[in-house]
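Input: a single structure, listed below in structure tokens.
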Number of protein chains: 2
Amino acid sequence: MARTPTDIRSRRREQTRSEIIAAAWWLAERDGIAGLSLRDLAVEVGMRAPSLYTYVENKAAIYDEMFAAGYHELAEVLHEVELDVGDPISALEGRIAAFIDFCQASVPRYQLMFTRAVPEWRPSDAAYAVSVKTYERMTHDLGRLGIDAPEAVDLVTAVTAGLAAQQLANDPDGDRWRRLGRDAAEMILAQTRRM
Amino acid sequence: MARTPTDIRSRRREQTRSEIIAAAWWLAERDGIAGLSLRDLAVEVGMRAPSLYTYVENKAAIYDEMFAAGYHELAEVLHEVELDVGDPISALEGRIAAFIDFCQASVPRYQLMFTRAVPEWRPSDAAYAVSVKTYERMTHDLGRLGIDAPEAVDLVTAVTAGLAAQQLANDPDGDRWRRLGRDAAEMILAQTRRM
DNA sequence: GTCTATATCCAGATAGAC
DNA sequence: GTCTATCTGGATATAGAC
């Protein structure tokens, strides 16, 4: 692992790139995900807008990176939740709660990942692939809880997405819908047995 | 009811205003709800942008009118669904299906009413009041189906919103989630009895 | 009522000097 | 690598002539 000058330079580049993405998250928090501006972003990291183009291809590439990072984080969060197959209700409840927590932790991240809040942007194929991978992990875990039928999985995603959406839209800092996670888990599993 | 010249003039004004709103829906369908442009809108009704200001206060007022109209339409749609108290499962299923149909019928309308797809706009108090009225009617109907507890109502809104969101995001022209409406109704009512 | 012209502001992206 | 200057294109809204 020789430290050639090229290595060092590319490490610096990577680090600056990370700073840019971090600043983008901060600005998205301040101005909304759709309000992200390259001018502001540049200033935030001590540059002018044109200099950003040394580090990122264009604005869409920034959104792509944020989107993929979001799904990596989600996969990690869900991975950390205990998955006790002997108590599927609690297991499902825990995952629903973790998902809602994840959404509440960053509204712009939620908007970027799950809504079409950025009018002219859609994830690239590469970024989209990351999201698919995360969904595959999720369905795998649901299978271990006895939720196998595609319809049952769709029901889980719908209920979870709905709880999160209502929570963020109507009670962003509270837990009015998050509290219903246990009921939701109970009823989904009961219905799964009937399907 | 005398037909004074003022009456006629204000009728014409109202009609032009309606034409503008209708054109706005059409353009929203074409360019997305957030992509609505006053220039294009004016051309669509045979004017230039400045002339619109004779009919509407500003762009936000157009969104307000569309938003309120959306909730009026939703109230109407739900009102037309049969509400057979003797068969609450079918009654709830019907309302869920009607809601999803309503959302699928116009994506921009859905985005305007239920998502924050228009970055710099929020409904005025007057427009918001219309939505509240519609929700009150909905909860009243749910009460007649035996869904009384606030938590149960929240569960219904979450599940319904979730089904619609997944349907529009992942299968906009199909019925992959709409199909689950009966299961959803069943499980909600079963859970309601347990709550 | 409708227009042209314009004010004001913003955006993403590129050319080319240093 | 970073900058200034600029291109290109958009937006909402207003002033004031007709």
Side-chain angles (χ1 to χ4, degrees), chain A residues 4-21 23-24 27-28 30-67 108 112 117-124, chain B residues 4-21 23-24 27-28 30-67 108 112 117-124:
Chain A
T4 69
T6 321
D7 281 344
I8 294 166
R9 223 173 292 147
S10 82
R11 277 179 70 96
R12 284 195 84 86
R13 254 182 74 91
E14 253 331 292
Q15 207 199 319
T16 306
R17 209 187 138 90
S18 297
E19 274 173 43
I20 290 168
I21 300 297
L27 282 182
R30 196 189 68 184
D31 302 331
I33 189 70
L36 182 63
S37 130
L38 295 188
R39 277 172 172 46
D40 291 355
L41 178 54
V43 169
E44 199 67 24
V45 294
M47 302 177 179
R48 298 301 150 86
S51 308
L52 290 177
Y53 288 85
T54 337
Y55 300 99
V56 292
E57 202 193 336
N58 50 33
K59 194 184 183 182
I62 297 176
Y63 281 133
D64 272 336
E65 185 146 336
M66 296 169 85
F67 179 88
L112 181 66
V118 183
E120 300 286 301
W121 173 83
R122 299 195 48 174
S124 66
Chain B
T4 71
T6 322
D7 282 343
I8 293 166
R9 223 172 291 148
S10 83
R11 278 179 69 98
R12 285 196 82 86
R13 255 183 74 93
E14 253 331 293
Q15 207 200 320
T16 306
R17 211 187 136 91
S18 299
E19 274 173 41
I20 290 168
I21 300 297
L27 283 181
R30 194 189 69 184
D31 302 332
I33 189 70
L36 182 63
S37 135
L38 295 188
R39 283 201 211 319
D40 292 355
L41 178 53
V43 169
E44 200 66 22
V45 294
M47 302 177 180
R48 297 302 149 86
S51 307
L52 290 177
Y53 288 84
T54 340
Y55 300 98
V56 292
E57 203 192 334
N58 52 31
K59 194 184 182 180
I62 297 176
Y63 281 133
D64 272 336
E65 186 147 335
M66 295 169 85
F67 180 88
L112 181 66
V118 183
E120 301 286 301
W121 174 83
R122 297 194 50 173
S124 67

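Note: hydrogens, waters and symmetry copies are ignored here, and every other heavy atom, side chains too, is used. Below, chain A is the first sequence line, B the second, and so on; all start at residue 1.
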Q | Phosphate OP1/OP2 of C:dG1: any B:Thr54 side-chain N/O under 4.0 Å | A | no
Q) Looking across every strand, which nucleic acid part, if any, lies under 4.0 Å from A:Arg12 by heavy atom: base, sugar-phosphate, or nothing? A) nothing
Q: May I have the step-by-step check of side chain to side chain contact (heavy atoms under 4.5 Å, CB included) for A:Thr16 and A:Met47, ending in yes or no?
A: CA-CA 11 Å; A:Thr16 306; A:Met47 302 177 179; 3.7 Å; yes
Q: For B:Ala117 and B:Ala34, work out which heavy atoms get closest and say how close.
A: O-CB, 3.4 Å
**Q.** B:Arg9, nearest nucleotide to its side chain (from D:dA15, C:dG1, D:dT2)
**A.** C:dG1
(Q) Categorize A:Leu36 for me: base, sugar-phosphate, or nothing, with a 4.0 angstrom heavy-atom threshold over every strand shown. (A) sugar-phosphate
**Q.** Interatomic distance, A:Tyr53 OH vs C:dA15 P [rounded to whole Å]
**A.** 12 Å
Q. Which atoms form the tightest heavy-atom contact between B:Trp121 and B:Ala60, and what is the distance?
A. NE1-O, 3.4 Å
Q) Within a strict 4.5 Å, meaning less than it, do heavy atoms of the A:Glu14 and A:Arg11 side chains meet? A) no
Q | Residues in contact with DNA chain C, drawn from residues 38-47 of chain A - heavy-atom cutoff 4.0 Å | A | A:Leu38, A:Arg39
Q.
By the 4.0 Å heavy-atom rule, please label B:Ile62 as base, sugar-phosphate, or nothing.
A. nothing
Q. Taking atom CZ of A:Arg122 as the centre, does the number of heavy atoms from other residues, nucleotides or ligands within less than 6.0 Å exceed 12?
A. no
Q) Taking side chain as C-beta onward, heavy atoms only, is B:Ile21 less than 4.5 Å from B:Ile62? A) yes
Q.
Reading DNA chain C from 5' onward, which residue's closest nucleotide shows up sooner: A:Glu57 or A:Gly35?
A. A:Gly35
Q.
In this structure, how many angstroms lie between the P atom of D:dT12 and the CD1 atom of B:Ile20, rounded?
A. 14 Å
Q: Please report, rounded to the nearest Å, how far the C1' atom of D:dA11 is from the CH2 atom of B:Trp121.
A: 19 Å
(Q) Base, sugar-phosphate or nothing for B:Ser37? Non-hydrogen atoms, less than 4.0 Å. (A) sugar-phosphate
Q.
To the nearest 10°, give me the bend of the helix from C:dG1-D:dC18 to C:dC18-D:dG1, comparing the axes of its five terminal pairs at either end.
A. 10°
Q. In whole angstroms, how far is the P atom of D:dA11 from the CD1 atom of B:Ile33?
A. 15 Å
Q.
Show every salt bridge (charged side-chain N to carboxylate O under 4.0 Å, His left out) that has at least one partner inside residues 46-63 of chain B, sequence neighbours left out.
A. none
Q) Between B:Asn58 (CG) and D:dT12 (C1'), how many Å, whole number? A) 9 Å
Q) In this structure, are over 12 heavy atoms from other groups packed under 6.0 Å from A:Glu19 atom CD? A) yes
Q. In whole angstroms, how far is the P atom of C:dA13 from the CD atom of A:Glu120?
A. 12 Å
Q) Are B:Glu65 and B:Val56 close enough, and set up right, to give a side chain to side chain contact (heavy atoms under 4.5 Å, CB included), and what steps lead you there? A) CA-CA 10 Å; B:Glu65 186 147 335; B:Val56 292; 5.8 Å; no
Q: Give a yes/no on whether any side-chain N or O of B:Ser51 is located under 4.0 angstrom from OP1 or OP2 of C:dG1.
A: no
Q) How many Å lie between NZ on A:Lys59 and P on C:dT14, as a whole number? A) 15 Å
Q.
Please give me the minimum heavy-atom distance between A:Leu36 and A:Ala24, naming the atom from each residue.
A. CD1-O, 3.9 Å
Q: Using whole Å, report how far CZ of A:Arg48 lies from P of D:dT4.
A: 5 Å
